[in-house]
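First up is the structure itself, then whatever we jot down about it.
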Amino acid sequence: MSQQQLGRGPLRSRQPGPTPPAPDEEPADDSPPARFVGWLGGLGCLAAGYGVFQFLFSVLPGSIEGSAARYVIAGISGLGTSVAAWLAAALLRARTSAAADPARATAVGTAAMAPGAPGPLPKVFASAYETLVDQVSVVDDPEHGRLTGWPHSLGEDSPSRPTPVGTAYGLHIMLDLGVPDGRLSTGDLVDTLWRLRLPDGGWSARSQGSEARPEVTALVLGALARAGTSAERLAAEVDRCTGGFTRQLDRAGMESTHVVTTVLRGLLRAAPRSDALPLLREALADGSISDPRREHLRCWGYRLQPPYGRPSPLHTAQAVVALDRAARVLGEDGDARAARARTAREDGVRWLLSCPDAPHDTCPDLENLHEEVRRPRTDDPSRHEVLNVRHFTASWLVRALLSPGALEIARTDGLEDEWRVRLDGALAAVWAGQSDGIWYWGPGAGIELRRPMWMTYQGLSALRAHAVWMYQPGG
């Protein structure tokens with residue numbers, strides 16, 4: 001395996017993550033209140049009791065017969081004081097724990113006051129659906145016919161024409177929400193994606209022009225497959241996607257962690273028996289790097305070939321999700337390549353759990369990223385096509401930590417507490433980024449708030465996955 005390169009890559013800017021609510025930390029922290037509580041609950045109560053004993057023994061009148069009686073009175077008073085101090089410390093510790101863990105305290109309080117009351121998630125899902133219904137774009141295009149879908153971001157003034165990326169993510173959202181009524185038809189969204197297919201096949205992002213790109217094609221194919229499109233109808237597009245996604249034809253894409261993981265996830269949905277899947281998994285696993293700052297655990301940067309870039313929580317989480325899904329479809333036993341993929345995936349989980357910073361809802365591992373994928377243009381190789389990609393890092397960490405293999409690794413390694421704390425922190429950051437079920441990409445200087453479809457899909461998907469994971473039937 002290759003060694004880590006620490007050169008700068010095309011991660012042009014770091015957007016701070018959304019401002020979360022109060023940190024979701026374990027009660028046993030190192031804050032001044034916690035240290036005071038620990039002292040008071042330990043040596044403090046003993047010291048208080050001993051002080052009372054000494055004071056009373058020295059001031060009790062000599063008329064009390066014998067020193068033994070004075071010892072008994074002073075001892076009982078000191079013991080009572082110690083018990084009272086211990087009880088006070090326990091109460092303060094409980095209050096400190098509740099303040100440090102507002103989510104847990106709120107859940108307990110709500111359950112106690114209103115058993116069976118719904119949480120906030122149904123309202124968030126309903127609000128998201130209403131917004132998408134209200135802002136769906138229906139256009140009679142002279143070239144493609146009637147189009148129903150969404151542009152890249154909600155609230156765009158121009159253009160309002162549906163795009164493959166916005167409509168594919170909208171279709172994913174509809175499938176997650178279950179389409180509660182007939183105001184939006186998944187059939188119309190599927191038809192629109194087929195109408196937006198390029199003349200030579202495949203799909204591209206709005207900024208990529210008329211040449212199909214594998215990451216967008218795989219995204220659309222995954223959405224179409226999830227909506228029920230037959231494998232036979234998808235087959236020709238799958239072949240075009242995999243045939244053009246080689247190192248010779250798309251070197252920039254094959255060296256990008258984001259592009260490879262996107263293609264791998266899309267093809268696992270659209271063509272789970274494709275011969276390209278083991279090759280993509282191998283390229284992803286072999287592109288992992290060793291991080292000496294975290295016990296030489298393997299992780300990922302933004303590239304799969306030198307220069308790899310810095311170890312990246314975002315790209316490590318993307319790789320863990322893709323490799324975990326590939327493990328369920330392809331298996332991880334039987335050959336050395338599959339075993340290497342498993343080792344890389346498990347190390348990636350351990351690397352995510354080894355974040356040294358706190359609190360984990362605002363730590364640097366959750367910073368959103370802005371990445372550029374640059375490719376030479378086929379019509380003029382001296383010029384480059386630039387795809388701007390923004391990453392909602394917290395949502396990817398939630399999805400990685402909720403992957404079936406992540407908790408298994410945490411339990412095997414005795415890291416369940418670390419898993420829970422980091423998952424809770426990432427969830428707090430995801431929740432803080434939404435307003436009425438729609439997620440906002442934070443503004444820069446002079447830039448308006450944007451509401452990209454992909455960000456709302458990733459936020460809803462992370463919350464839904466956690467709700468399903470944590471559900472416990474009553475009784």
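These numbers come from the heavy atoms of this one structure, side chains and all, not from hydrogens, waters or symmetry mates.
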Minimum-distance pair of heavy atoms, taken over all atoms of [X] and [Y]:
X	Y	result
Leu297	Ser354	CD1-OG, 4.1 Å
Ser160	Pro151	O-CD, 4.2 Å
Val386	Ser207	O-OG, 3.9 Å
Ala223	Ala168	CB-O, 4.0 Å
Pro162	Val139	CD-CG2, 4.0 Å
Asn388	Glu372	OD1-CG, 3.5 Å

Between [X] (side chain) and [Y] (backbone), is there a donor-acceptor pair under 3.5 Å?
X	Y	value
Ser312	His315	yes
Gln208	Arg213	no
Trp396	Thr316	no
Gln434	Asp436	yes
Ser256	Gly253	no
Thr192	Thr148	yes
Thr261	Gln318	no
Glu237	Gly202	yes
Thr167	Leu193	no

Would you please say whether a donor-acceptor pair under 3.5 Å links the side chains of [X] and [Y]?
X	Y	result
Asp176	Tyr457	no
His172	Arg226	yes
Arg161	His144	yes

Axial cation check for Trp194 ring with Arg233, 6.0 Å and 45° limits
yes
Heavy atoms of other groups near [X] [atom1], more than 12 under 6.0 Å:
X	atom1	result
Asp275	CG	no
Arg328	CZ	yes
Glu295	CD	no
Asp200	CG	no

What is the ring orientation for His391 with His258, classed by angle as parallel under 30°, tilted 30 to 60°, or perpendicular over 60°?
perpendicular
Does the distance from a Lys or Arg side-chain N to an Asp or Glu carboxylate O, for [X] and [Y], drop under 4.0 Å?
X	Y	result
Asp324	Arg345	yes
Asp191	Arg195	no
Arg350	Asp347	yes

Does any non-hydrogen side-chain atom of [Y] lie less than 4.5 Å from one of [X]?
X	Y	result
Arg298	Trp351	no
Glu367	Thr393	no
Leu189	Trp150	yes

